[in-house]
Amino acid sequence: MTSTSAKNNLFPPGLVSNLQQVLSKKNNEGEANRESDQAKDNVESTDPSASTSEEAIDTSKPIVLVTNADGIDSPGLVYLVEALVREGLYNVHVCAPQSDKSLSGHSVTLGETVSVSSAEFDGAPAFEVSGTPVDCVSLALSGALFSWSKPLLVISGINRGPSCGHHMFYSGVIAGAREALICGVPSLSISLNWKKDESQETDFKDAVAICLPLINAATRDIEKGLFPKSCSLNIEVPTSPSSKKGFKLTKQSMWRSTLNWQAVSANRYPAGHFMSNQQSLGIQLAQLGRDASAAGAARRMTTQKKNVEIESIGVAGKSDSNRVKKHFRLEFLDKDQEETEDDLDFRALESGFVAVTPLTVSPYTERDILTAASDWISAALHGKQ
């Protein structure tokens, strides 16, 4: 067989034998490399955290996940993460919305692709997500993003603006903590009673300093099994945190703002609204994209028809003289509150106290849960007044 091959190719038998050995060796090496690359690709595709800069977790420290609703660049979250990292007691991880989702409630992004990008935080692996706070917590706890799936504690905040009373149902920051609770992870939600023309960014630093002892007490007692089960704590910090009167155990009130709908012109942005050049360009490009998509879809639908002219119009560009089209804008307006009890969340907040309200998703055992939470809060806050 070798002599025939050598004769046909005019190569000496010894050279042919050497070439065959070399080619065989290279083929084996190539196959091994392909298998190695395939294995690496499989690891990267199934474990997104493998391609990130997430450092090895110190198993001696508990994992704390931080999220929020105002967006990953908001000062409330930034100051909180920095303080937790400085404490040196936790493995701090961050998974937060890339933009403001403060009134998203307990909404999730279903049937659409959610993008995730790494974010820069010193000492804390972090990701920003193109979804809601509930998306962030659910994704982080799924095990698909980080190398773990169950932290010791989830902290949602610090939110800009109160989340008392019925506002809890609209609140994205409380929804993030509630999702953790649904998944069986203890959680805290924190909000600052921000007031326009009165509050300033440094108030978030003061809010963090106020809440840090409570966070440390929570993590310590969760590890000991002393933290109230099936319960989340909503912490509301008053407008001037540095001059707080103390902590007060509160209950959820019926407080809410009035939902006020105002009829406006067809222009999406009211008179006097400033739009940056980038925003304007982005809207124009988005509209061009919608126009092109609409025109393309129309062309595809009429490829079998002849002598048909397609006009490029946006979805909102359809004209129908029989249709009535109106435009509205929603605003929250303060309203007088009839509840007067001192232990209500908004009353304590307005009086200068840090309001701590236990929340639950288990109505059948609510009395026992609230009692256990009340006992724990009283013990945890003892001496911190």
Side-chain angles (χ1 to χ4, degrees), residues 62-70 74-90 92-94 96 102 121 124 133 151-164 168 171-174 176-178 180-181 185-194 199-223 227-228 231-250 345-346 348-349 351-359 373-374 376-385:
I63 297 171
V64 172
L65 173 67
V66 182
T67 190
N68 77 339
D70 290 347
S74 65
L77 181 136
V78 172
Y79 290 137
L80 176 60
V81 172
E82 289 177 349
L84 291 173
V85 171
R86 279 198 307 269
E87 284 287 286
L89 302 174
Y90 316 109
V92 183
H93 290 67
V94 180
S102 56
F121 277 88
L152 182 74
L153 176 69
V154 171
I155 306 175
S156 184
I158 296 174
N159 186 66
R160 184 190 296 261
S163 300
C164 298
M168 293 184 183
S171 172
V173 71
I174 288 184
R178 187 191 300 119
L181 181 60
V185 179
S187 61
L188 308 174
S189 54
I190 308 174
S191 297
L192 172 64
N193 189 24
W194 182 275
S199 299
Q200 51 191 353
E201 190 171 305
T202 55
D203 289 338
F204 286 107
K205 281 188 175 182
D206 295 334
V208 170
I210 288 171
C211 295
L212 205 53
L214 197 58
I215 293 172
N216 292 337
T219 55
R220 180 191 64 232
D221 286 354
I222 290 171
E223 290 182 309
F227 190 80
C231 178
S232 176
L233 300 183
N234 180 44
I235 304 169
E236 300 286 329
V237 181
T239 303
S240 299
S242 59
S243 59
K244 68 174 177 62
K245 295 180 179 179
F247 292 83
K248 179 172 285 191
L249 174 64
T250 56
D345 49 15
F346 82 96
L349 192 62
S351 299
F353 289 92
V354 178
V356 184
T357 307
L359 303 177
S374 299
W376 182 87
I377 293 170
S378 298
L381 298 180
H382 180 71
K384 296 186 177 65
Q385 302 284 344

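No donor-acceptor distance shorter than 3.5 angstrom exists from the side chain of Ser187 to the backbone of Ser232, with no hydrogens or angles considered. Distance alone, capped at 3.5 Å, is enough to place a donor-acceptor pair between the Glu236 side chain and the Ser163 backbone. Put simply, the side chain of Ser171 gets close to the backbone of Ile174: a donor and an acceptor are under 3.5 Å apart.
If you take CD1 on Ile377 and SG on Cys231, they are separated by 6.5 Å, rounding to the nearest 0.5 Å. Note that CG of Leu233 and SG of Cys211 are 11.0 Å apart. Values are rounded to the nearest 0.5 Å. For the atom pair CD1 of Ile215 and CD1 of Ile210, the computed distance is 11.5 Å after rounding to the nearest 0.5 Å. In this structure, OG in Ser189 is found 7.5 Å from CE in Met168, a value given to the nearest 0.5 Å. Put simply, NZ on Lys205 and CG on Asp203 are 11.5 Å apart, with the number rounded to the nearest 0.5 Å. Going from atom CZ of Phe227 over to atom CG of Asp221 covers 8.5 Å, rounded to the nearest 0.5 Å.
Between Val64 and Pro151 the shortest side-chain heavy-atom distance does not fall below 4.5 Å. The side-chain heavy atoms of Ile158 and Trp194, taken from C-beta on, include no pair separated by under 4.5 Å. Side chains of Val354 and Pro238 form a contact here, defined as non-hydrogen atoms less than 4.5 Å apart. The shortest side-chain heavy-atom distance between Ser199 and Thr239 falls under the 4.5 Å cut-off. You'll find the side chain of Leu359 stays beyond 4.5 Å of the side chain of Arg178, heavy atoms only.
Of the N and O atoms on the side chains of Asn68 and Ser74, at least one donor lies less than 3.5 Å from an acceptor on the other residue. Side chains of Asn234 and Thr357: a donor-acceptor N/O pair is absent below 3.5 angstrom, by distance only. Residues Asp206 and Tyr79 have side chains that never bring a donor and an acceptor to within less than 3.5 angstrom of each other.
Across Val94, Thr219, Leu212, a single residue satisfies side chain to side chain contact (heavy atoms under 4.5 Å, CB included) together with Leu84, and that is Leu212.
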Requested in this report: Start with the C-alpha gap between His93 and Ile63, add the side-chain angles, then the distance that decides, and say whether side chain to side chain contact (heavy atoms under 4.5 Å, CB included) holds.
Outcome: CA-CA 7 Å; His93 290 67; Ile63 297 171; 4.0 Å; yes

Report task. Apply side chain to side chain contact (heavy atoms under 4.5 Å, CB included) to Phe204 and Arg160, showing your working. Result -> CA-CA 9 Å; Phe204 286 107; Arg160 184 190 296 261; 4.1 Å; yes

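Residues Pro358 and Thr250 come closest through the heavy atom pair CD-O, 3.5 Å.
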